[in-house]
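Following: one structure in C-alpha cells, then a few remarks.
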2 protein chains.
Amino acid sequence: MATQRVPQATAERLPLYYRSLQRLVDNGKTRISSSDFGKIVQIDSTTIRKDFSYFGALGRKGYGYNTQHLLEFLRKTLYQDELSKVILIGVGHLGTALLNHNFERNNNTRIVRAYDINPEKAGKEIGGTKIHLMDELAKTDNSDITAAILTVPAERAQEAAEQAMASGIRGFLNFSPVRLTLPPDVYVRHVDMTVELQALIYFLNHSMEEKQNK
Amino acid sequence: MATQRVPQATAERLPLYYRSLQRLVDNGKTRISSSDFGKIVQIDSTTIRKDFSYFGALGRKGYGYNTQHLLEFLRKTLYQDELSKVILIGVGHLGTALLNHNFERNNNTRIVRAYDINPEKAGKEIGGTKIHLMDELAKTDNSDITAAILTVPAERAQEAAEQAMASGIRGFLNFSPVRLTLPPDVYVRHVDMTVELQALIYFLNHSMEEKQNK
DNA sequence: CATCAATTGTTCCTATTTTCACAATCTTTG
DNA sequence: CAAAGATTGTGAAAATAGGAACAATTGATG
Ligand SMILES: NC(=O)c1ccc[n+]([C@@H]2O[C@H](COP(=O)([O-])OP(=O)(O)OC[C@H]3O[C@@H](n4cnc5c(N)ncnc54)[C@H](O)[C@@H]3O)[C@@H](O)[C@H]2O)c1
Ligand SMILES: NC(=O)c1ccc[n+]([C@@H]2O[C@H](COP(=O)([O-])OP(=O)(O)OC[C@H]3O[C@@H](n4cnc5c(N)ncnc54)[C@H](O)[C@@H]3O)[C@@H](O)[C@H]2O)c1
C-alpha cells in the first residue's frame, strides 16, 4: 500500500512546517513557493519539495503551494485535527512553566492532568490544569492519553516513567537528563537543555578557533 | 594541524557523554567499556568508539576507557574547565524556571544576568540572578558573555536577538518558536518543545499503523 | 491564445552518518 | 609468563540525508 516510507528527518520537520504555515494562513497569505517558504523555515527549498513529495503532489507547478490546503494536509498527517491529550508528571519549576504555557491556542495538544509526589501541590490548579497526587496515576484510566511529559528530577525519572507505563502510556517527552530504559514499543524523545547549551558553546569556541587558523 | 575534522553529529553527542561520564565517576566507577557505556547513553558502541577516535586513542584495548581520564578530556574539549557565562533574556514562565535551575552544580555554565522589558521584574532576583531592564543590555560590557538564552515571546525574539548582538553576543539558545534571521557568524540553536511533542505524537501514531499492517 | 515566467516533482549525484567486521593489542589468570 | 579473553581503533560497506539540475507543467500576460 505504497505511500513510500517517510524518512525520519522529513517527519521531524513536519511540525515546523505546520506551525510556520499556520502563521502564514493567519496573516492571510494564500500561496507560497518552496523557495519563499524555505527562507522562512531556513531549510533548502529542494528539501522542502522533496519532503512534501513523499506524500504525493501537494503543490502546483508554476504556482507553488496553496497554504490553506497544505496546512489542512499537515494537520491531518500530524493528527492535529483531533485533540491529543497528554499528562505532565512533576510540577516543579519547569513543569509549572509548561502548565502555564500549555501549548497555546491553534494547537490541538493539551495537558489534561498533572501529577506530583508532593501532597502540598496536589489538589491545586495551574493554568487550568488540576494537579493530582502521584498515587492516583495508577488508578486513572489513561487509555485516551497519548503521551506523558516528564519533568521530575533525574533520579525519579525512571520510576515515574514506569508508573506511567503501567497505566498504559506509550510515549514520553523526557526533560530530565537521563536516558530511560523502557520496552521497545515505548517511544521516548528527549529535550535536553543542558546538552543543547554545551553543544552551542562547543560550536562557538571551535568556529572561533577555525577563524584564527586562517 | 591534524585532529581530523570532528563530524557535527559527533560533536552533538559529546555533552551527553560528558554528563553520563560525570555520573559514573561520581559513583566511583573507574573504567568502562564502549559497550557498557553504550547501554547507558543508548548509543551503539561502535558509534561511541568512532566518536572518541576523532580525538585520538583515548581508550586501551582489552581494557576500555578510564572514566576519570575520559571525563578530563571531555571537560577540556567542551570548555567546561573554565566558566562559561551566559545571559537570559525574557523572565517569564520559562525564563524563571531556567533561572531557578541555573544548570546545577558540576556544570561550568552559569546564567550571570537576566533581562526583561517589564519594569516590574527589573531589580528583582531569581535563583540568585539579578534581573535588569532590557535597555541596560546595550550599555553593558558583554565581551565576556558566551551566549544568550532567549525566552521571550515569539514576536519579540528577533528584536531581542538583535539587541543582544549589538552588545557583542554571537551565540543564542532560542526557545521561541521562530527562526531568527541573523548574520552567518552568529550561531543559533533551537529548543522547540512544541515541535518535539508533535513529532512524538506523529511517531506514536505511525508506529501503531505499521503494526496494524502486519 | 501564444509566449513567457515561475515553480514543482523528481532523477541523479554528493556528503554525512551509522554499522559491520576484524586485526591489533592490552589485561587477566592460572 | 603463556594462553585465553576482552575490547579498542579503523577501513570498508551500507544507510540516510541533502542538494544541484532540469524536464514538465501550470499560471500570467499582452
Ligand atoms: N528547570 C529547568 O529549567 C530545567 C532545565 C533543564 C533540565 N531540567 C530538568 O527537568 C527536570 C525538572 O526540573 P525542575 O527544575 O522543574 O525540578 P524541580 O525540583 O523544581 O521539580 C521537580 C518536581 O517533581 C516532583 N517529583 C519528585 N519526584 C517525583 C515522583 N517520583 N513522581 C512525581 N513527581 C515527583 C517534585 O515534587 C517537584 O515538584 C529535572 O530533571 C531537571 O534536570 C530542568
Ligand atoms: N513556558 C513554556 O513552557 C514554553 C514552552 C514552549 C515554548 N515556549 C516559548 O518560550 C518563550 C517564552 O515563554 P514563556 O511562557 O516564558 O512566556 P512569558 O510570556 O511567560 O514570558 C515572556 C517574558 O519576556 C518578556 N519580554 C517580552 N518582550 C521582551 C523584550 N522585547 N525584551 C525582553 N523581554 C521581553 C516579558 O516581559 C515576559 O516576562 C515563548 O516564545 C514561548 O513560545 C515556552
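- Side-chain atoms of B/R31 lie closest to D/dT7 of the nucleotides D/dT7, D/dA28, C/dT18.
- Put simply, CG on B/L14 is 15 Å from C1' on C/dT17, counting in whole angstrom units.
- Of the side-chain N and O atoms in B/T47, one or more sit less than 4.0 angstrom from OP1 or OP2 of C/dT19.
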Could you walk me through whether A/Y79 and A/N108 pass the side chain to side chain donor-acceptor pair (under 3.5 Å) check?
CA-CA 8 Å; A/Y79 299 86; A/N108 265 335; over 6 Å; no

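- A/R156 pairs by the salt bridge (charged side-chain N to carboxylate O under 4.0 Å, His left out) definition with A/E159, not counting sequence neighbours.
- Heavy atoms of B/S45 sit nowhere under 4.0 angstrom from any nucleic acid atom.
- Residue A/R60 places at least one side-chain N or O closer than 4.0 Å to OP1 or OP2 of D/dG27.
- A/D51 places its CG atom 10 Å from the P atom of D/dA17, with the value rounded to the nearest Å.
- The closest side-chain donor-acceptor pair between A/T140 and A/N142, if any, does not fall under 3.5 angstrom.
- In this entry the distance linking CZ of A/F55 with P of C/dT8 reads 17 Å, nearest Å.
- Of all heavy-atom pairs spanning A/G90 and A/V152, the tightest one is CA-CG1, 3.6 Å.
- As rounded to whole Å, 15 Å separates atom P of C/dT17 from atom CD of A/Q8.
- In the model, B/Q158 has a side-chain atom that pairs as donor or acceptor with a side-chain atom of B/E162 under 3.5 Å.
- We find that CD of A/Q42 is positioned 15 Å from P of D/dG18, with the value rounded to whole Å.
- Protein atom CZ of A/R5 is 11 Å distant from nucleotide atom C1' of D/dA17, rounded to whole Å.
- Among the atoms of the strands shown, none is found under 4.0 Å from any heavy atom of B/T10.
- In the set C/dT8, D/dG19, C/dT18, the nucleotide with an atom closest to the side chain of A/S33 is C/dT8.
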Would you tabulate the nitrogen or oxygen pairs shorter than 3.5 Å linking the protein to nucleotides 20-23 of chain D?
unit_1: D/dA21; atom_1: N6; unit_2: A/R49; atom_2: NH2; d: 3.4

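- Listed by residue number, the members of residues 188-196 of chain B with any heavy atom below 4.0 angstrom from DNA chain D form an empty set.
- Here A/F52 lies out of heavy-atom contact (under 4.0 Å) with every strand.
- A salt bridge does not link A/R75 with A/D81: none of the charged nitrogens is closer than 4.0 Å to a carboxylate oxygen.
- Among the nucleotides D/dG9, D/dA17, C/dT17, the one closest to the side chain of B/A57 is D/dG9.
- In this structure, OH of A/Y65 is placed 13 Å from C1' of C/dA6, rounded to the nearest angstrom.
- Side-chain nitrogen and oxygen atoms of B/R13 include at least one within less than 4.0 Å of the OP1 or OP2 phosphate oxygen of C/dT18.
- A/R31 approaches A/G62 most closely through the heavy-atom pair NH2-O, 4.3 Å.
- Side-chain rings of B/F52 and B/F73 stay apart, their centers remaining 6.0 Å or farther from each other.
- The distance from atom CD1 of A/I43 to atom C1' of D/dA17 is 13 Å, rounded to the nearest whole Å.
- Note on B/R179 versus B/D192: salt bridge recorded, some NZ/NE/NH1/NH2 to OD/OE distance being below 4.0 Å.
- Salt-bridge check for A/E12 with A/R189: passed, with a basic side-chain N closer than 4.0 Å to an acidic carboxylate O.
- Nearest-nucleotide positions on DNA chain C place A/L58 closer to the 5' end than the other of B/Y63 and A/L58.
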